[in-house]
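Below: one structure, written as structure tokens.
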Amino acid sequence: MKHMYPKNGRVILHVDMNSFYASVEMAYDPSLKGKPLAIAGNPEERRGIIVTCSYEARSFGVKTTMPLWEAKKLCPQLIIRKPNFERYRAASMGMFDILREYSVLVEPVSIDEGYVDITDSYEFGSPLEIAETIQKQIFQQLDLPCSIGIAPNKFLAKMASDMKKPMGVTVLRKRDVPHILWPMEVEEMHGVGKKTGEKLRILQITTIGDLAKADEVQLKAALGINGPRLKQKANGNDSRKVDPDSAAEFKSVGNSTTLPRDVSNQRELQQVFEKLAGQVSSRLKRKKVLAASLGITIRYKDRKTITRSRKLKNPIQQDDEIFKIATELFIKHWNGNAVRLLGITGTDLVEPQQAVKQLDLFSYEKDAKKEPLFQTMDLLRKKYGSKIIDHAGTLSEMSVKEPKIGTDTSFNKDFLHNRLPMRKTEEEKDDKS
């Protein structure tokens, strides 16, 4: 399939989950499918705001950011659900895990969308075949719909993914820009919101084509440095790379392993978790962070994948604590079928000095005994520098040879943060590049 890829240039996908929060609720409770559903901040209060809604609700005119009272007036039969961020976080983890099966170059943009550079992924098929396979896999394994744009750069991929919803796959080449993008209203361009659109219309720029041909001096005067950048994109130009480390706020540390054979023995699976917990603990210590949330991934023999996570009372770093919580999550959610892959991910990472521990009756005495040691360590650091003394666990993982338990995958940088980014509305797109 290599001949179907450009000799020079990139092939980039933009994967955008459709009505993400509502779709996750429908996957969790199938009785909601096909019904007008809205996720709202305060369902009990008239001043509650619609966070997102299903396509069935949209057909009645219900929109994101609409007051709840107005939405109910338009659609009296509207079903309201409170946001369940743990559920959405777990679904997002599963979605990005699938994307990483096709490329190491995956850049999360928010909880429900990301870029994938598949330029070197030709072994999986043509770009269109890969996009269709990803879309199908996300739907089959997670029961979630998505739209995918295929293009030579990030801007065009983003524009393409917005063209067919739900469950669309769109190819947008640079040669398509004049006849597909240019006739569109300027506000339909990614990076141009209501306020920017108003400024452009003052300059008689009403379409993307007008922006592509606009005077750069005028654009810079009206929009600052963002003006010339928008013109470049309106012409289909975007040199930004897909960077897995660009979204620094989405940090996590984790490891997964594909087992050498399908395993259904609980003791064997717990042994795998024990080794994974040790690996994750070692990485957390090396990075000098603690995890305030912990998630697990289970992929079954039939490739169905589930992810489950838990917000922790106290941030953790030790392997025994990670193993205990991961095992509890596994026993609670495992259906007993043979397992193909297991993973552990620590998210909501915090530095030790930021981790405010909620000491309870049982941990207080234990921590109090360690206080003189901590004080001594602080004195040494102040006198000789922060690196003069440290925990043994922060040493390089290379010094410890782990027994191999399968095909390992590590995801040191991830995409999940305690305060999950909401899906951006049109108004929030202003000045985003």
Side-chain angles (χ1 to χ4, degrees), residues 4 6 9-20 22-23 52-59 61 63-64 95 99 102 106-118 126-139 144-194 196-197 200 205-212 230-238 240 242 423-430 432-433:
M4 301 193 73
R10 317 300 298 171
V11 180
I12 294 173
L13 308 182
H14 181 261
V15 180
D16 194 356
M17 305 304 291
N18 301 146
S19 190
F20 183 59
S23 296
T52 190
C53 58
S54 66
Y55 287 92
E56 290 80 6
R58 294 179 193 187
S59 67
K63 299 177 181 179
T64 300
M95 183 266 287
L99 298 186
Y102 297 88
V106 176
E107 179 185 334
V109 176
S110 68
I111 188 174
D112 64 344
E113 62 175 314
Y115 294 101
V116 189
D117 189 328
I118 60 167
S126 68
L128 185 59
E129 287 171 340
I130 291 176
E132 290 174 343
T133 301
I134 287 174
Q135 186 185 68
K136 183 178 180 181
Q137 189 174 345
I138 290 174
F139 190 74
L144 297 174
C146 70
S147 294
I148 300 178
I150 310 171
N153 61 52
K154 291 167 76 173
F155 168 72
L156 292 179
K158 169 64 178 173
M159 292 297 294
S161 69
D162 284 338
M163 291 179 178
K164 296 177 186 176
K165 290 186 174 182
M167 292 291 281
V169 175
T170 305
V171 178
L172 184 60
R173 302 173 180 85
K174 194 168 178 183
R175 64 175 180 265
D176 299 327
V177 169
H179 65 276
I180 293 181
L181 290 193
W182 285 2
M184 296 168 64
E185 295 291 309
V186 72
E187 289 86 359
E188 293 182 67
M189 177 175 160
H190 175 57
V192 177
K194 184 178 179 181
T196 302
L200 290 172
I205 297 172
T206 61
T207 66
I208 296 178
D210 293 337
L211 179 57
L230 287 175
K231 179 179 178 177
Q232 283 292 313
K233 291 177 181 178
N235 281 286
N237 300 317
D238 184 5
R240 294 172 300 158
V242 174
R423 181 153 180 77
K424 294 178 176 62
T425 63
E426 289 302 316
E427 290 75 12
E428 293 172 311
K429 289 180 182 177
D430 256 344
K432 289 283 182 182
S433 57

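Just so it is clear, the values below take in all heavy atoms, side chains as well, and ignore hydrogens, waters and symmetry mates.
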What I want to check is whether the side chains of Ser147 and Asp16 have a donor and an acceptor closer together than 3.5 Å. no
Could you pull out the closest heavy-atom pair between [X] and [Y], with the gap in Å?
| X | Y | value |
| --- | --- | --- |
| Lys233 | Phe155 | O-CE2, 2.9 Å |
| Pro152 | Leu172 | CD-O, 3.4 Å |
| Asp176 | Val171 | OD2-O, 4.2 Å |

Could you give me the CA-CA distance, side-chain angles and deciding distance for Val186 and Asp210, then say whether side-chain contact (heavy atoms from CB on, under 4.5 Å) is met? CA-CA 8 Å; Val186 72; Asp210 293 337; over 6 Å; no
Decide if atom CE of Met167 counts as having more than 12 heavy atoms of other residues, nucleotides or ligands within a radius under 6.0 Å. yes
Side-chain donor or acceptor of [X] paired with backbone N/O of [Y] under 3.5 Å:
| X | Y | result |
| --- | --- | --- |
| Ser23 | Pro145 | no |
| Asp162 | Met159 | no |
| Asn153 | Asn237 | no |
| Trp182 | Ala234 | yes |

Taking only Lys NZ, Arg NE, NH1 and NH2, and the carboxylate oxygens of Asp or Glu, determine whether Asp117 and Arg10 approach each other closer than 4.0 Å. yes
Side-chain contact, heavy-atom cut-off 4.5 Å: Tyr102 with Leu13? no
With a 4.5 Å limit on heavy-atom distance, are the side chains of Asn235 and Val177 in contact? no
Report the residue from Glu113, His190, His14 that forms a side-chain hydrogen bond (donor to acceptor under 3.5 Å, both in side chains) with Ser161. His14
